[in-house]
Amino acid sequence: MKENARNNLSIAEDIIKKSLQRGCDAAEVYIIGADSISVEAKEGTVDALEVSRDFGIAVKVIKKHRLGFSFTSLPERAEETVNAAVESAEHTCVDKFIDIPEGLPPSDVKVFDSELKDIKEEDVIRNALALEEKALSVDEKVKKVRKAEVSVRRGTTAIVNSRGVNISYESGYISASVSLLAVDAKGDSQMGWDFDIRRRLEDLDIDRIGSLAAERAIELLGSRTITPVRVPVILDPHVSVQFLGILSASLSAEAVQKKRSFLAGKVGMKIISDCIDIIDDGVMPWGIGTRPVDDEGVPTSSRSLVSKGVLAGYIHNTYTAAKAGTSSTGNASRGGFKSMPGVAAANLFISPHDNTDDCRDADGMVKRLSRGILITDVMGVHTANPVSGDFSIGISGIWIEGGERKYPVKEALISGNILDLFKKVEEKGSDLRFYGKTGSPSLLIGDMDISA
């Protein structure tokens with residue numbers, strides 16, 4: 001991989017040279033190369049095996065305040081890609097905010113586990129089979145594993161520009177996911193799932209993933225419908241993460257500038273409960289969103305976006321920062337080499353309660369609640385309005401009475417506004433869990449309207 005990294009830097013430097021020779025004022029090159037192995041296990045055998053190799057070059061040029069962009073997946077077409085980028089700059093509008101960052105020292109982070117370098121297909125297969133086996137062994141009610149998948153990805157990223165950015169780094173991850181079906185004696189069936197993704201091989205707990213998926217399904221067997229009610233709710237960490245995802249879109253300066261954010265103009269204002277702190281940490285040790293620089297070469301960092309319920313600021317890339325008259329926060333993010341950098345959080349999370357000895361988790365909250373619902377899953381989060389923050393989504397979970405879990409609940413609906421929901425947070429747990437790049441502890445929300 002180190003040899004690939006050196007080759008990518010050499011290609012990038014040559015592209016920069018050629019771009020400037022063609023009269024460009026500035027140029028930027030983004031190169032990514034990665035290999036991946038993905039295995040699906042089913043009924044004790046390998047159901048699918050995919051081995052792939054990805055490579056891509058993206059070229060951005062600026063000529064007389066006009067943007068040019070092109071990309072290729074073939075290194076031998078690098079010069080053609082330069083020509084295409086330069087030519088496209090002749091047909092775009094003048095934009096005084098288009099720029100590329102100056103080179104600064106990258107953040108000192110670790111994002112590549114050397115053990116991933118040596119992992120083989122047979123290792124991934126073994127893990128996928130073990131995941132299915134564990135899920136089936138938890139309880140006899142688990143009748144079928146619909147999908148047990150383990151994937152590994154390893155790659156290098158190179159970013160070079162004409163203003164001093166010149167970096168290449170290795171990164172990787174291993175992920176596992178499982179979905180299964182549980183059936184009780186009365187014929188009721190419920191789906192369960194769990195997922196995790198880690199930078200380090202040693203941090204991925206296959207047994208835990210299989211167990212949690214089974215427990216989710218079994219806990220919901222025998223679910224009942226309920227009549228409309230107004231009660232407090234507890235959000236399981238994975239549910240809290242999905243609600244945080246709705247809020248996170250409005251923390252982007254790009255969304256603010258495009259008038260797609262319900263947080264526009266609210267910096268310095270209290271927007272949610274004062275027990276909520278939201279942090280974006282691009283240098284978190286071994287975080288999935290951790291990297292030494294963002295996708296434009298700006299060093300990553302950690303920053304508070306919401307402190308005690310008060311909005312501290314937005315996240316920026318180079319373009320949005322120039323437009324706002326500020327500096328990039330190191331949050332430039334690409335969906336791939338075929339796209340220009342947008343804005344996205346690195347490792348976004350709600351900070352947990354710092355007392356881990358006082359039942360500060362969902363179970364502890366249940367014991368302190370006289371009546372309410374523990375929401376363990378939500379359906380239709382993608383339908384939430386990202387501009388207004390309004391949502392109406394299906395939920396399932398556990399009815400709570402007298403501090404005890406009484407029975408599972410199905411086919412219920414929760415509606416409202418994301419800011420109103422977060423304003424009602426009365427307690428947060430110490431059980432922070434990340435799902436990919438987003439994390440949250442359990443949250444206790446004040447009275448919410450639940451409809452059937």
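Residues: numbered from 1 along the sequence shown. Predicted, not measured: the structure shown is a model, and the values here were computed from it.
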Checklist entry - Do you know the tightest heavy-atom contact between K134 and S211? => result CE-OG, 3.1 Å
Item to check | Residues E219 and R405 bridged, charged N to O under 4.0 Å | outcome: yes
Item to check | Residue pairs fulfilling side-chain hydrogen bond (donor to acceptor under 3.5 Å, both in side chains) with at least one residue in residues 267-282, sequence neighbours excluded | outcome: D280-N331
Item to check | Beyond-backbone contact of K60 with L67, side-chain heavy atoms, under 4.5 angstrom | outcome: yes
Next on the checklist: Once side chain to side chain contact (heavy atoms under 4.5 Å, CB included) is applied, do any residues pair with R224, and if so which ones, sequence neighbours excluded?
Outcome noted: Y407
Checklist entry - Charged N to carboxylate O below 4.0 Å: is that the case for K424 and E426? => result no
Next on the checklist: Using the rule given for side-chain contact (heavy atoms from CB on, under 4.5 Å), can you reason through K110 versus R200, listing the C-alpha separation, both sets of side-chain angles and the distance that settles it, and then say yes or no?
Outcome noted: CA-CA 10 Å; K110 293 181 179 179; R200 293 188 294 188; over 6 Å; no
Checklist entry - Is the side chain of N417 donor-acceptor paired with the backbone N or O of S388 at a distance under 3.5 Å, no angle test? => result yes
Item to check | Side-chain heavy-atom pair L348, L244 within 4.5 angstrom cut-off | outcome: yes
Item to check | Option passing side chain to side chain contact (heavy atoms under 4.5 Å, CB included) with I400 (candidates I373, V231, I234, V233) | outcome: I234
Next on the checklist: Between R208 and D205, does any side-chain N to carboxylate O distance fall below 4.0 Å?
Outcome noted: no
Next on the checklist: Strictly distance-based, threshold 3.5 Å: is any side-chain N or O of R199 a donor or acceptor partner for the main-chain N or O of I288?
Outcome noted: yes
Checklist outcome for this item: Separation between CD1 (I276) and CG (L443), nearest 0.5 Å, reads 5.0 Å
Next on the checklist: Taking atom CD as the centre, does E40 end up with more than 12 heavy-atom neighbours from other residues, nucleotides or ligands that are less than 6.0 angstrom away?
Outcome noted: yes
Checklist entry - Is the backbone of V183 close enough, under 3.5 Å, to the side chain of Q190 for a donor and an acceptor to pair up by distance? => result no
Checklist entry - Is the shortest distance from a Lys or Arg side-chain nitrogen in K141 or D139 to a carboxylate oxygen in the other one below 4.0 Å? => result yes
Checklist entry - Residues two or more places apart in sequence or in another chain: which of them pass side chain to side chain contact (heavy atoms under 4.5 Å, CB included) with S415? => result S392, L413
Next on the checklist: Walk me through whether K428 and S240 qualify under side chain to side chain donor-acceptor pair (under 3.5 Å).
Outcome noted: CA-CA 10 Å; K428 62 182 179 180; S240 301; over 6 Å; no
Next on the checklist: When you compare the side chain of K143 with that of L136, does any pair of heavy atoms fall below 4.5 Å?
Outcome noted: no
Checklist entry - Is a salt bridge present between D123 and K120, judged by a nitrogen-to-oxygen distance below 4.0 Å? => result no
Checklist entry - For E296 and T318, does a side-chain donor sit closer than 3.5 Å to a side-chain acceptor? => result yes
Next on the checklist: Between N347 and T290, does the side chain to side chain donor-acceptor pair (under 3.5 Å) criterion hold? Intermediate values first, please.
Outcome noted: CA-CA 7 Å; N347 298 297; T290 299; 2.9 Å; yes
Next on the checklist: Under 4.0 Å between a side-chain nitrogen and a carboxylate oxygen: does that hold for E254 and K258?
Outcome noted: yes
Item to check | ring-ring contact (aromatic ring centres under 6.0 Å, His included) partners of residues 273-299, not counting sequence neighbours, each pair once | outcome: none
Checklist outcome for this item: Partner of V378 under side chain to side chain contact (heavy atoms under 4.5 Å, CB included), picked from L235, D236, I395, I414, is I395
Next on the checklist: For D377 and R216: C-alpha separation, side-chain torsions, deciding distance, then whether salt bridge (charged side-chain N to carboxylate O under 4.0 Å, His left out) applies.
Outcome noted: CA-CA 9 Å; D377 203 4; R216 285 180 193 272; over 6 Å; no
Next on the checklist: Any heavy-atom pair between the side chains of V29 and I159 that's under 4.5 Å?
Outcome noted: no
Checklist outcome for this item: In short, ring-ring contact (aromatic ring centres under 6.0 Å, His included) pairs touching residues 422-447 with sequence neighbours left out are H238-Y435, F349-F434
Checklist entry - How about S36 and S52: does a side-chain donor come under 3.5 Å of a side-chain acceptor? => result yes
Next on the checklist: By the ring-ring contact (aromatic ring centres under 6.0 Å, His included) test, which pairs, at least two apart or in different chains, include something from residues 294-331?
Outcome noted: none
Checklist entry - Looking at the rings of F55 and F337, which for Trp means the six-membered one, are their centres under 6.0 Å apart? => result no
Checklist entry - How far apart are the C-alpha atoms of I119 and V124, what are their side-chain angles, what is the distance that settles it, and do they pass the side-chain contact (heavy atoms from CB on, under 4.5 Å) test? => result CA-CA 7 Å; I119 198 166; V124 184; 4.3 Å; yes
Checklist entry - Is R153 salt-bridged to D54, cutoff N-O under 4.0 Å? => result yes
Checklist entry - Salt bridge between K147 and E149, side-chain N to carboxylate O under 4.0 Å? => result yes
Item to check | Backbone N/O of E50 and side chain of S38: donor-acceptor pair under 3.5 Å | outcome: no
Item to check | Sub-4.5 Å side-chain heavy-atom contact between V178 and V145 | outcome: yes
Item to check | Side chains of L204 and I206 in contact at under 4.5 Å (non-hydrogen atoms) | outcome: yes
Item to check | Criterion side-chain contact (heavy atoms from CB on, under 4.5 Å) on D47 and T45, from CA distance to verdict | outcome: CA-CA 6 Å; D47 189 53; T45 62; 5.7 Å; no
Checklist entry - Got a salt bridge between E115 and R198, using NZ or NE/NH1/NH2 to carboxylate O under 4.0 Å? => result no
Checklist entry - Is R291 salt-bridged to D295, cutoff N-O under 4.0 Å? => result yes
Next on the checklist: With rounding to the nearest 0.5 angstrom, report the CG to OG distance, D188 to S223.
Outcome noted: 6.0 Å
Next on the checklist: Given the ring of F112, does R154 sit roughly above its face, with NZ or CZ under 6.0 Å from the centre of the six-membered ring and within 45° of the axis?
Outcome noted: no
